[in-house]
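Here the structure is laid out as structure tokens; the discussion comes afterwards.
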Amino acid sequence: MSDDRLIVAIDLPNALAGLDLSQRLGDSVNFYKIGLGMLTGGGLALANELKDEHGKRIFLDMKLFDIGATVEAAVRGLAQFDHDFLTVHGDPHVVRAAKEGASGTNMKILGVTVLTSLDRADLDDGCIKAGDIHEITLERAAKALEAGADGVIASPQEAAMIRALPEAKGRLIVTPGVRPSGSALGDQKRVATPAKAISDGADHIVVGRPIWQAENAREAAQAILDELP
């Protein structure tokens, strides 16, 4: 049986490659993330096929950011497909608009805090205010949750701090930047192991390359599941 705490990121060129991965993983994985990189390669069609024909859960990682009216309209359009999670940037005006767009549906809105591929130098380049990156992540998480987000996206290094927030009670914490012991970091900078992320309060971990780049994807996924407490 699959464990829905593991979400596999299908960061592949097109829907055919994504469908092939899901077939290789079979019933070992039930939850998939499909992001912007797949959008022009049939990603939304793949999401719908995995849900409607194979009974899989879907996390649409779109990281929407725009004026409120545009975000609300985009979310309303995506919500019609009845997928599980959708990401938007964690800015309060974006979260509020997204929640309005998702009203009347079961789709959960997750606010992005600070991308797991960024460090303090990257924040400096982007003119983000001075301060510890973990504290900034915590502050953005609190603001997103106060604005009504169903949960947040944050690195596993901040999971414990976010879980301790009063606003986080009953909300979701989803952590990318999870790497099994011995795996290459790739473009991730703020990482932790699957067991550490879950122990620190994450509800779901997102893993991509360590699974789909493996010689045997199913065995790689099972090894991660075996690590979970």
Side-chain angles (χ1 to χ4, degrees), residues 1-65 74-75 77-89 107-108 110 112 115-118 153 155-156 174-194 197 202-228:
M1 294 294 293
S2 59
D3 184 335
D4 283 2
R5 291 180 295 175
L6 172 62
I7 301 176
V8 173
I10 306 182
D11 298 322
L12 295 169
N14 54 57
L16 289 177
L19 186 60
D20 175 70
L21 174 65
S22 72
Q23 290 171 342
R24 285 185 282 128
L25 290 170
D27 60 4
S28 67
V29 171
N30 191 52
F31 214 150
Y32 288 97
K33 179 179 85 75
I34 295 174
L36 284 173
M38 281 279 290
L39 199 59
T40 58
L44 190 54
L46 174 63
N48 293 338
E49 181 173 350
L50 289 175
K51 173 187 175 290
D52 296 336
E53 298 184 25
H54 302 279
K56 304 297 184 181
R57 298 184 68 189
I58 300 296
F59 166 14
L60 293 177
D61 188 19
M62 299 290 110
K63 298 185 180 71
L64 300 177
F65 182 84
V75 173
L78 291 169
Q80 67 181 306
F81 300 111
D82 196 30
H83 295 307
D84 294 88
F85 298 165
L86 173 68
T87 51
V88 301
H89 278 260
M107 188 171 69
K108 297 189 182 302
L110 305 181
V112 176
L115 298 176
T116 54
S117 61
L118 303 183
I153 306 292
S155 94
V174 179
T175 57
V178 173
R179 289 291 181 267
S181 302
S183 293
L185 297 185
D187 58 3
Q188 301 293 342
K189 295 177 180 176
R190 299 181 353 266
V191 303
T193 64
D203 297 284
H204 300 274
I205 59 172
V206 180
V207 185
R209 279 164 286 193
I211 292 176
W212 57 257
Q213 286 183 342
E215 185 174 342
N216 188 314
R218 187 182 180 107
E219 287 183 1
Q222 189 59 54
I224 291 170
L225 292 169
D226 290 343
E227 285 189 43
L228 299 184

For Lys63 and Leu115: C-alpha separation, side-chain torsions, deciding distance, then whether side-chain contact (heavy atoms from CB on, under 4.5 Å) applies. CA-CA 10 Å; Lys63 298 185 180 71; Leu115 298 176; 3.6 Å; yes
So which heavy atom on Met38 is nearest to which on Leu46, and how close? CE-CD2, 3.4 Å
What class does the angle between the rings of Phe85 and Phe59 fall in, given that below 30° is parallel, 30 to 60° is tilted and above 60° is perpendicular? perpendicular
Which atoms form the tightest heavy-atom contact between Asp82 and Lys51, and what is the distance? O-CE, 3.1 Å
Quick one: closest heavy-atom pair of Ile205 and Ala197, and the distance? CG2-CB, 3.8 Å
For Arg5 and Leu228, work out which heavy atoms get closest and say how close. NH2-CB, 3.6 Å
Gap separating the CG atom of Leu12 from the CD1 atom of Ile34, nearest 0.5 angstrom: 10.0 Å
To the nearest 0.5 Å, how far apart are CG in Leu110 and CG in Leu86? 8.0 Å
What's the spacing between Gln23 CD and Leu50 CG if we round to 0.5 Å? 9.0 Å
CZ of Arg57 to CG of Asp4: how many Å apart, nearest 0.5 Å? 5.0 Å
Could you walk me through whether Val112 and Phe65 satisfy the side-chain contact (heavy atoms from CB on, under 4.5 Å) test, starting with their C-alpha distance in whole Å, then the side-chain angles of each, then the deciding distance to 0.1 Å, before giving a yes or no? CA-CA 10 Å; Val112 176; Phe65 182 84; over 6 Å; no
Short N-O contact, Asp27 and Arg218, less than 4.0 angstrom: yes
For the backbone of Ser155 and the side chain of Thr175, can you confirm whether one donor and one acceptor N or O come within less than 3.5 Å of each other? no
Can you measure from CD (Glu49) to CD (Glu53) and round to the nearest 0.5 angstrom? 4.5 Å
May I have the step-by-step check of side-chain contact (heavy atoms from CB on, under 4.5 Å) for Leu19 and His54, ending in yes or no? CA-CA 10 Å; Leu19 186 60; His54 302 279; 4.1 Å; yes
Is any side-chain heavy atom of Val75 closer than 4.5 Å to one of Met107? yes
Could you tell me whether a side-chain N or O of Gln80 sits under 3.5 Å from a main-chain N or O of Gly77, the two making a donor and an acceptor? yes
To the nearest 0.5 Å, how far apart are CG in Leu60 and CG in Leu44? 6.5 Å
Measuring only between side-chain heavy atoms, which start at C-beta, is Ser22 closer than 4.5 Å to Leu25? no
Looking at Ile58, is its backbone amide N or carbonyl O close enough to the side chain of Asp84 to form a donor-acceptor pair, meaning the two atoms are under 3.5 Å apart? yes
Specify the closest pair of heavy atoms between Gly177 and Pro156, including all atoms of both residues, with the distance to one decimal. O-CG, 3.6 Å
Is Lys108 atom NZ crowded by more than 12 heavy atoms from other residues, nucleotides or ligands, each under 6.0 Å away? no
Carefully, step by step, assess His204 and Leu6 under the rule side-chain contact (heavy atoms from CB on, under 4.5 Å). CA-CA 6 Å; His204 300 274; Leu6 172 62; over 6 Å; no
With side chains defined as the heavy atoms from C-beta onward, is the minimum distance between His83 and Leu78 less than 4.5 Å? no
Residues two or more places apart in sequence or in another chain: which of them pass side-chain contact (heavy atoms from CB on, under 4.5 Å) with Ala9? Asp11, Lys33, Val206
Test item: Leu16 and Asp20 side chains (from C-beta on) under 4.5 Å apart, heavy atoms: no
Scanning both residues in full, the closest heavy-atom pair of Ile224 with Pro194 reads CG2-CG, 3.9 Å
